[in-house]
Structure formats: structure tokens, C-alpha cells
Amino acid sequence: MRDILSQIVEKRRNDIARLGYDFSVSLPKKRNRPVRPFLESRGVILEVKRASPSKGDISPDLDPAKTALSYAESGARAISCLTEKNYFKGSLDDLLCVCRAVDDFADATGGTAPAVLRKDFLLSAEEVDVSYRAGADAVLLIARILPEQKLLEMAQEVARLGMTALIEVRTEEDLEKLGFLSSRMDAGKIVCGVNSRDLATFRIDLLRPSMMTGRIRKIMGDDVRIIFESGVTSYECASSVGAMGFSGLLLGEAAAKNPSLRKGLVDSFMAAVPTRNSAFWKAYAESLPLLGQDEKTVPKVKVCGLTRIEDAVLAHKMGASFLGFVFAGPFERSITRENRLSALIPGLKALDVKKVAVVTDLDSEEGKLAVQLVKDGVFTLLQFHKIPYEKVGADLRTLPHYFATDSLAGYEKLVSKGEMRVLLDSKRLAADADGTPTENTVYGLSWIAGGINPENVLYIMDRFSPELIDLSGGIEDEGFVGIKNEDKMRSLMMKVGAVHER
């Protein structure tokens, strides 16, 4: 897959060689506005953005001054202005307009103007000086594209000028650079950002920022400000991110394209509070390895449709991270049949593994029972299996949960609503999947299920590099629904590389 980030940087170097650091824009010789504090308290950063490499034109006729005024009126704590011209269609002229607009807003209202962030792919200290003269209060420095000594030089210049450096990190190498910075300058001059979008592929993973937060705090201390960047397009997603405890949220496309959503997006993030669901996904995220673009790891395994304690114990012993139990009377694998539940619960309490209650109908007695067992902590989380998002109330979504869907469109919709992980359950994945439109999803396929067995699991892993695979009928014998075959389970686990005797 082409590396979009490298293309952006290469074109930028060529443009600077041809046009200079100011890109032939007429800038004041000296800064003519005070430097304003950047994100000293929790808040939302709304972005002046015309286009992107992944979406093309977003708001090509955007007026930067009017947009900045709208953002300020919507409660934005800061305004990000994209000045990259080739892929985002921005310019330093936009930055000058935004700075004037927020100052006019402060003069007219007597309030505090939002700080202004220059968001670009800056490569040198000279570009920091240009940003300062243009009026920026903060600049984005992307660790991934800067050698550590250059990053330090630029961050120190930012601090010398009284601005704030937003250091974007996403990989282990980036964290090493952040450690290099923090040992050599005042950490209070740095705000950290984690982009949910991989700038090489432009794929989004909503859990990536949470994977980084604990690691960042070990380097920078507990007081570090961490911003969730990109990928939020709905009120529900803004609320979901807000519940994860970030200091800030940077919103681009949704705010630039949809003026009517701006205030609601800000309010949704600001009103969010931690929940059991956010706590679960924070802990899960911090347990994941920070893989590079081409790195692969052993996927987690969920064994689902369990009906017997001996199969549950065996799956746990072989390395399954999740055990799934169906709460749906019509299904043969339901543990609400034949007194299976009462026989299972005593043994399950002894297993240190995540226990999933799978529900298909929240209005059924089985569905209500599953919800109660998660509330009581007997089961870890709920799987809303092929239940529409709109059918699950906000109160239920505060419980640890994820959704399962059988369509790519459903998958996309659920992630856009802020669901940190969604299970795509489709037998198409296990078949000859040449036509499976995985390249069309901006999110990638992290959790997958559907007909996975010892014969096709290596193909599944090679094609999709899943974070989790969900097993059920593929490790059963025909005619023995709900009874797992030990040899098939062990064979599959050996191929996955997850098997180990606990």
C-alpha cells in the first residue's frame, strides 16, 4: 500500500525549495498579536480543513474567517488551521485569516479568543519562526517525520517563542523521541497528540490513542495533556472519546463539513463522563502491543457458543482471551436451555478470562438476564449480536460491550458511532474472499468471525491480520452443536500460535 505520508513530505520539501518557508505568502515581519495559551484546560479543537488525501474535497469553498468565528461561537477551546496545500488545500493565508477572526471575536464579545494551532507537516525550525510571525499560538510537530535531534531543535524554538508544541506520537519509535525531548526541555511546554488515523495508510483505529496514553504518562508524568486526533464524525463518537479521559479532541472533517454539528460535537465531548464501558476499553487498549505498519502479532481468540464447563476450561487453558456464551432461547447453543447456566456459573467464576454474554434480543427474558449478569460482574461484557445500534439505549452502552454485525456497511456505521471494536461476523471472510471490499473501509477489520476452522485460519490471518478471531462451529463436529472438539481446538490454536497450557 502506498505511503501517503512520505508523498506529502516529499512534495513539501520540493515546494520549500521552490517557494521558500513562507510559500510566497506575504507575512508580517514581526508578530502582531499576543501568544495565547493552548489547551490549558480540557476542550475541543475544531479544524479549518478544505480537503484530505482520504476524502478528497470536504469543504472546498470554506471561508476560514467565518469558519473560525463559527468555531469560537460553538465553544471551541482552540482552532486548528491546516496550511498544507497539495493534499489539504490550505495555506498560510488561511492561518492569517483565522488569527484575525479569533481576535475580532475576543474584541467583540469581551471573551477569551480560542488559541490557534498551525497544523502542517513542518520540517525545520525556520517553519516554526514562520508560524510564529503568522500568528500561531501552537504548532504541530509530527514525531514520525522528524529525526529526534531535529524534533528537539524545533520544540525548543517553539518554547523560546512562547508557543506550545503539539507533539504527535503513534509508534514505539515516536515514544523514544518523546522521551528524548522530555529529558532535555520543560515538559510543560509540550502537549501530546495521538492520531487515530495512520498517516501512512489513512486507516483509522479509535483505540490507538488509548493504546498510547499510559505509555505517554510514563514518559511525561500524570499531568501531561493528551489529545485524541481525527476519526470523530458523530455526537456519539465524541462522547465515547470524551469518556476515555482525554484532555482534548481535535475534530476536522465533521466540523468543517457540517456547521450544524459543531456545537453538538463540542458539547458531547465536554459532557462525557467515564463509564464501565470506557474503563474496559481503556484497560484493553493499554494491553495491546504497538505494532508498526507491517508488523503482525498472534491474534486474540474468542471461543463462542460454549455450553459445557469442560469446554470453557479447555479453551481458557489453551489461551483463549474471551469465552462467549449465547443467551438466546431459539439457538441450540443457548446456555439458557437445559439448566446449562446454573451448571456453568460456579466453574466460570474460577476462570480468569473475559466472559462474554451474547444477546440477540434485549427485550427477551434471556437478554434481560444477560444484562443483569454483566451489571453484577458475573460476565465481563455484552455482545449485541446483530442488534441495530438504535435499539440499544445509552444506559446499556455504559456497560462493557461491543456490537457484532454481518455487513461491512454495518461495521462502518458502528465504528463511526464510537464503538471501539466491532465484530464482523460473515462467512464470506472464510470463503474465497477476493471480492471482500476490505480496502474500502477506512477502519480495517480488527475482530472477525464466521466459519473459521483449522483449515482456513492461516488464510484468514494472512489476509486480514486480525486482532481477534471468534470461533464457534468451526471447532465442533457435525451433529454436536455446542460441543467443542478438543483436537480441532488444539489444531487451530497451534496454527494461530496462541496455544499454551495454563
Side-chain angles (χ1 to χ4, degrees), residues 52 54-56 58 195-198 201-210 228-244 249 251-258 260-262 264-265 268-269 272 275 277-278 280-281 284-285 302 356 358-363 367 381-429 433 435-450 464 466-468 470:
S52 79
S54 60
K55 294 296 180 69
I58 292 169
N195 205 327
S196 71
R197 180 180 283 114
D198 184 340
T201 64
F202 273 67
R203 285 282 179 85
I204 291 170
D205 179 357
L206 293 181
L207 269 188
R208 188 70 177 204
S210 293
F228 184 108
E229 300 178 37
S230 303
V232 173
T233 58
S234 68
Y235 296 159
E236 296 89 346
C237 194
S239 180
S240 184
V241 168
M244 302 289 273
L249 167 64
L251 274 165
E253 174 191 343
K257 192 174 183 178
N258 304 290
S260 63
L261 298 183
R262 291 166 183 170
L265 289 166
S268 295
F269 176 82
T275 65
N277 186 58
S278 64
F280 173 85
W281 288 113
Y284 175 81
K302 172 176 169 251
V356 182
V358 180
V359 296
T360 61
D361 182 357
L362 288 167
D363 293 325
L381 70 166
L382 290 156
Q383 175 180 314
F384 298 127
H385 194 76
K386 300 180 183 178
I387 300 176
Y389 182 86
E390 294 77 14
K391 296 288 186 181
V392 181
D395 57 334
L396 282 184
R397 297 198 305 270
T398 66
L399 295 174
H401 73 274
Y402 62 92
F403 284 78
T405 180
D406 60 2
S407 76
L408 195 63
Y411 185 94
E412 296 268 356
K413 176 182 176 180
L414 287 161
V415 182
S416 74
K417 293 291 188 180
E419 294 300 318
M420 297 294 161
R421 286 292 180 264
V422 175
L423 177 67
L424 183 62
D425 187 355
S426 172
K427 291 187 178 179
R428 289 183 60 196
L429 298 174
T436 303
T438 55
E439 296 305 319
N440 292 338
T441 173
V442 297
Y443 301 112
L445 301 177
S446 296
W447 288 19
I448 59 176
F464 301 106
E467 180 183 286
L468 177 143
D470 188 314

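The figures here come from the full heavy-atom set of this structure, side chains too, leaving out hydrogens, waters and symmetry mates.
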Visitor: Are the side chains of L414 and T405 in touch, meaning some heavy atoms are under 4.5 Å apart?
Guide: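 A side-chain contact under 4.5 Å exists here.
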Visitor: Minimum heavy-atom separation for A255 to R262, with atom names?
Guide: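 Looks like O-NE, 2.7 Å.
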Visitor: Going by the rule ring-ring contact (aromatic ring centres under 6.0 Å, His included), which residues pair with F202 if we only count those two or more places apart in sequence or in a different chain?
Guide: none
Visitor: Applying side chain to side chain contact (heavy atoms under 4.5 Å, CB included), run through W281 and R421 and close with a yes or a no.
Guide: CA-CA 9 Å; W281 288 113; R421 286 292 180 264; 3.6 Å; yes
Visitor: Of all heavy-atom pairs between V415 and C237, which one has the smallest distance, and what is that distance?
Guide: O-SG, 4.4 Å
Visitor: Do L249 and V241 make a side-chain contact, defined as non-hydrogen atoms from C-beta onward lying under 4.5 Å apart?
Guide: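 Side-chain contact under 4.5 Å: yes.
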Visitor: For S52, what residues pass the side chain to side chain donor-acceptor pair (under 3.5 Å) criterion, not counting sequence neighbours?
Guide: S54
Visitor: Can you find a heavy atom in the side chain of H401 that is under 4.5 Å from one in the side chain of E419?
Guide: yes
Visitor: Between F280 and Y284, what is the ring plane arrangement, given parallel below 30°, perpendicular above 60°, and tilted in between?
Guide: parallel
Visitor: Quick check: closest heavy atoms across M244 and S210, and the distance to 0.1 Å?
Guide: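 Closest approach of M244 to S210, heavy atoms only: CE-OG, 3.2 Å.
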Visitor: Between R197 and E229 (salt bridge meaning N to carboxylate O under 4.0 Å), is one present in this structure?
Guide: no
Visitor: Using every non-hydrogen atom in the two residues, find where S407 and L424 come nearest and quote the distance to one decimal.
Guide: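 In this case the closest contact between S407 and L424 is O-CD1, 3.6 Å.
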Visitor: Return the set of residues passing salt bridge (charged side-chain N to carboxylate O under 4.0 Å, His left out) with R397 (not counting sequence neighbours), or none when no residue passes.
Guide: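 Not a single residue meets the salt bridge (charged side-chain N to carboxylate O under 4.0 Å, His left out) criterion with R397.
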Visitor: To the nearest 0.5 Å, what is the distance between OG on S234 and CG on L261?
Guide: 9.0 Å
Visitor: Set out, in order, the CA-CA distance, both residues' side-chain angles and the distance that settles side chain to side chain contact (heavy atoms under 4.5 Å, CB included) for L382 and V356, then state yes or no.
Guide: CA-CA 6 Å; L382 290 156; V356 182; over 6 Å; no
Visitor: Please check: side-chain N/O of S278 versus main-chain N/O of T275, any donor-acceptor pairing under 3.5 Å?
Guide: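 Judged by distance alone, yes, a pair lies under 3.5 Å.
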Visitor: Inspect the contact between D470 and K302 and indicate whether a charged nitrogen and a carboxylate oxygen are less than 4.0 angstrom apart.
Guide: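 Yes, this pair counts.
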Visitor: Under a 4.0 Å threshold between the charged nitrogen and the carboxylate oxygen, would E390 count as salt-bridged to K413?
Guide: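 Counted as a salt bridge, because a side-chain N and a carboxylate O are separated by less than 4.0 Å.
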Visitor: Is it true that the side chains of Q383 and Y402 contain a donor and an acceptor less than 3.5 Å apart?
Guide: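 Judged by distance alone, the side chains do pair up.
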Visitor: Go through it in stages, so that I can follow the logic: the residues are K386 and F403, the test is side chain to side chain contact (heavy atoms under 4.5 Å, CB included), and I'd like the CA-CA distance, side-chain angles, deciding distance and then a yes or no.
Guide: CA-CA 7 Å; K386 300 180 183 178; F403 284 78; over 6 Å; no
Visitor: Kindly indicate whether the side chain of F269, heavy atoms from C-beta on, has any atom under 4.5 Å from the side chain of S239.
Guide: no
Visitor: Looking at K391 and D361, does any basic side-chain N land under 4.0 Å from a carboxylate oxygen?
Guide: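 Here K391 does not pair with D361 in a salt bridge, since their nearest N and O are not under 4.0 Å apart.
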Visitor: Taking all non-hydrogen atoms of both residues into account, name the closest pair between L207 and A285 and its distance.
Guide: CD2-CB, 3.8 Å
Visitor: Hey, could you give me the CG/CD1 distance between L468 and I448, rounded to the nearest 0.5 Å?
Guide: 9.0 Å
Visitor: Please identify which of these residues, L206, I204, T233, meets the side chain to side chain contact (heavy atoms under 4.5 Å, CB included) condition with S416.
Guide: T233
Visitor: Less than 4.5 Å apart, any side-chain heavy atom of L381 and any of L399?
Guide: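 Contact flag for L381/L399 side chains = no.
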Visitor: Any side-chain heavy-atom pair from W447 and E467 closer than 4.5 angstrom?
Guide: yes
Visitor: Might you point out which heavy atoms bring F228 and S196 nearest each other, and give the distance in Å?
Guide: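 Reported closest heavy-atom pair: CZ-CB, 3.9 Å.
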Visitor: Can you see whether N195 engages S230 through a side-chain donor-acceptor pair at a distance of less than 3.5 angstrom?
Guide: yes
